[in-house]
2 protein chains.
Amino acid sequence: MASCNHDSCVRKVPIFSDLDNEKITKLNNLVKNREFKNGELIYMEEQIGENIYIIESGLVKLYRSNEAGNQYILRLLKEGDFFGELVLFKEEKLSSSAEAVGDCSICLIAKDELEKLIKSSPELSHKLLSAITSRLNKTENKLQSLALEDAKEKTMRLLLELAKESGIKKENGILINLPLSRDGLANLIGTTQETLSRKLSELQNEGIISMQGQKEILIKND
Amino acid sequence: MASCNHDSCVRKVPIFSDLDNEKITKLNNLVKNREFKNGELIYMEEQIGENIYIIESGLVKLYRSNEAGNQYILRLLKEGDFFGELVLFKEEKLSSSAEAVGDCSICLIAKDELEKLIKSSPELSHKLLSAITSRLNKTENKLQSLALEDAKEKTMRLLLELAKESGIKKENGILINLPLSRDGLANLIGTTQETLSRKLSELQNEGIISMQGQKEILIKND
DNA sequence: CGTTGATTTGATTAGATTCAACATATGTGG
DNA sequence: CCACATATGTTGAATCTAATCAAATCAACG
């Protein structure tokens, strides 16, 4: 666990990005860096959360499992996103697990230290509040989607979301690089890989999307 | 719209409850009170949110609608709960609607004023952060439930949640007073009134619950 | 190539929705 | 207080969607 001397990691994060230099320096001293290999667990539900995590590079999936061993992926996080924040100001068990999707470089800040910093910085706490509020809003969107939409609608919504997050604009549409296997993607929308596969085929037959290999999908214009 | 002279309304709210007297006084001056009749809309999605709301008495349901006109109830709020907080620090449209369930007395605080107060009070912003974080956690619980559980499990979870929120302990179990019609309850767990009705009957046949009239359910011990 | 893992497609089944009928409250005016 | 009308809740039968299980393709890699 090396200390994170380059401050890219901190500046990369929207909620920290425009703090004054003094605060940034303080933060940098608190930040540790760790590498995780594909599939490695960053933390596990039921543990006590001791850090807040920031993704310097790579992807992380946050998921929950139930007694039956089924998992549901709450969110897929990328460079600059932070997670583990649910334990701030609480002595609580983590309610989700975090796992590296591909190799990742993660920065971590001890929860206690960050709490101190937040308490002493109105602007930081304000930014955090705003970030978590927006997180809550997105989560409520998903809730609505799961409750009201059928598999096809959820599939389309997933594609549009991925396009918005990291789609590449082409002359004939938006190209998406799928970050997960069919199974993982299906899991993101609360369905099975088979159903997702069928819905993708349907969408392709209808001329709405075009699959290019297994890892790329083009959402066509109009 | 009367000013809310009795400060019960503010003190009732956990996030405000143990602020110092000076802050409480300030807050009291900001708070307005309004009555809403059963079914009356408090605000509507797509509007610009200008207030934060606190329930002094009564119930409020927060829901979202889609284009097809279907609605999904995000949460059911009671005395002491606050809502409308998603617009804090954002110039944003509301993404849900709020409706009075039964007659309600609601306190409102202008968003701008509350933001100022939050900025000047680290403890308040800390409490708010903590409240919204816990809200997020609960929302993620629901997401997991919707994604992984079948109608019967969701029904049972709903009952347990209601019991936790406002159940009355009896010698033979916990008595729940149902706050909504079957339709509303079904909506809370993303299913239909018919399915909920069937699942309740099943649970009763299995001896797990006992329906007492239409508005009360006893969850039996063991 | 041949093996392995991922994806797609097919056939069957299970669970939930829908539509319809019936039953049970709730409310109103006579 | 009753009779009727309206709301709400329950149950049944048909239908449909998605899950499951199984088989067939496809892709990646030594």
Side-chain angles (χ1 to χ4, degrees), chain A residues 38-39 61 66 68-73 101-102 145-159 176-206 208-218, chain B residues 37-39 61 66 68-73 101-103 145-159 162 176-206 209-218:
Chain A
N38 182 25
K61 69 173 186 188
N66 64 7
N70 301 314
Q71 68 172 230
Y72 172 70
I73 301 180
V101 175
S145 165
L146 273 191
L148 299 178
E149 296 178 345
D150 65 20
K152 193 164 180 183
E153 292 170 310
K154 289 191 286 182
T155 301
M156 201 57 220
R157 174 181 299 268
L158 171 66
L159 295 180
I176 310 167
N177 218 302
L178 302 177
L180 293 174
S181 67
R182 291 293 183 274
D183 197 34
L185 293 173
N187 197 296
L188 269 170
I189 57 172
T191 186
T192 60
Q193 63 215 23
E194 293 97 327
T195 297
L196 176 64
S197 184
R198 281 181 238 274
K199 296 307 163 187
L200 287 175
S201 299
E202 280 180 35
L203 289 169
Q204 176 159 256
N205 290 338
E206 291 166 10
I208 297 169
I209 64 170
S210 146
M211 294 193 253
Q212 334 221 305
Q214 292 179 328
K215 286 283 157 216
E216 286 187 342
I217 287 181
L218 182 80
Chain B
K37 294 237 171 289
N38 181 26
K61 70 173 185 186
N66 64 7
N70 300 315
Q71 67 170 232
Y72 172 70
I73 302 180
V101 175
D103 298 347
S145 164
L146 273 191
L148 299 179
E149 295 178 345
D150 65 19
K152 194 166 179 182
E153 292 170 311
K154 289 192 286 183
T155 300
M156 201 57 220
R157 173 181 299 269
L158 171 67
L159 294 181
L162 289 172
I176 310 167
N177 218 304
L178 302 177
L180 294 174
S181 66
R182 292 293 183 274
D183 198 32
L185 293 173
N187 195 296
L188 268 171
I189 56 172
T191 186
T192 60
Q193 64 216 24
E194 292 97 330
T195 297
L196 175 65
S197 184
R198 281 182 240 275
K199 297 307 163 187
L200 287 175
S201 299
E202 280 181 36
L203 289 169
Q204 175 159 257
N205 290 338
E206 291 165 10
I209 65 170
S210 146
M211 295 193 254
Q212 333 223 305
Q214 293 178 326
K215 287 284 159 217
E216 285 187 343
I217 287 181
L218 181 79

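Reminder, nothing fancy here: chain letters follow the sequence lines and each chain counts from 1.
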Partners passing side-chain contact (heavy atoms from CB on, under 4.5 Å) against [X] (at least two apart in sequence or in another chain):
X: N38(A); result: D103(A)
X: E194(A); result: T192(A), R198(A)
X: Q193(B); result: R182(B), D183(B)
X: E153(A); result: E149(A), D150(A)

Atom pairs under 3.5 Å: protein N/O with N/O of nucleotides 28-30 of chain D:
none

For K199(A), salt bridge (charged side-chain N to carboxylate O under 4.0 Å, His left out) partners two or more places apart: E202(A)

DNA chain D contacts among residues 145-153 of chain B, heavy-atom distance under 4.0 Å: none

What is the distance from atom [atom1] of [X] to atom [atom2] of [Y], rounded to the nearest 0.5 Å?
X: M156(B); Y: L203(B); atom1: CE; atom2: CG; result: 6.0 Å
X: S197(A); Y: Q214(A); atom1: OG; atom2: CD; result: 9.5 Å
X: L158(B); Y: L162(B); atom1: CG; atom2: CG; result: 4.5 Å
X: L200(B); Y: K152(B); atom1: CG; atom2: NZ; result: 11.0 Å
X: I217(A); Y: L185(A); atom1: CD1; atom2: CG; result: 8.0 Å

How close do [X] and [Y] get, heavy atom to heavy atom, and via which atoms?
X: I73(A); Y: N187(A); answer: N-OD1, 2.7 Å
X: S201(B); Y: M211(B); answer: N-CE, 3.9 Å
X: G190(B); Y: Y72(B); answer: N-CE1, 4.1 Å
X: L196(A); Y: A186(A); answer: CD2-N, 3.6 Å
X: A151(B); Y: T195(B); answer: CB-CG2, 3.6 Å

side-chain N/O K215(B) vs dG9(D) OP1/OP2, d < 4.0 Å: yes

K215(B) side chain vs L180(B) backbone, donor-acceptor pair below 3.5 Å: yes

Syn-anti status, with the boundary at 90° from 0, for the nucleotide dA21(C): anti

Inter-end axis angle, the helix from dC1(C)-dG30(D) to dA23(C)-dT8(D), with every axis fitted to five base pairs (rounded, 10 degrees): 30°

Sorted by number, the residues of residues 177-196 of chain A with heavy-atom contact under 4.0 Å to DNA chain C: S181(A), R182(A), E194(A)

Tabulated below should be each protein N or O lying under 3.5 Å from an N or O of nucleotides 13-16 of chain D; please produce it.
{"from": "dA13(D)", "atom 1": "N6", "to": "R198(B)", "atom 2": "NH2", "distance (Å)": "3.4"}

Where chain A begins and ends its contact with DNA chain C, read 5' to 3' at 4.0 Å from heavy atoms: dT7(C) to dA11(C)

S210(B): side-chain hydrogen bond (donor to acceptor under 3.5 Å, both in side chains) partners, not counting sequence neighbours: Q212(B)

Sugar-phosphate only, base, or nothing, as touched by K154(B) at under 4.0 Å among non-hydrogen atoms: nothing

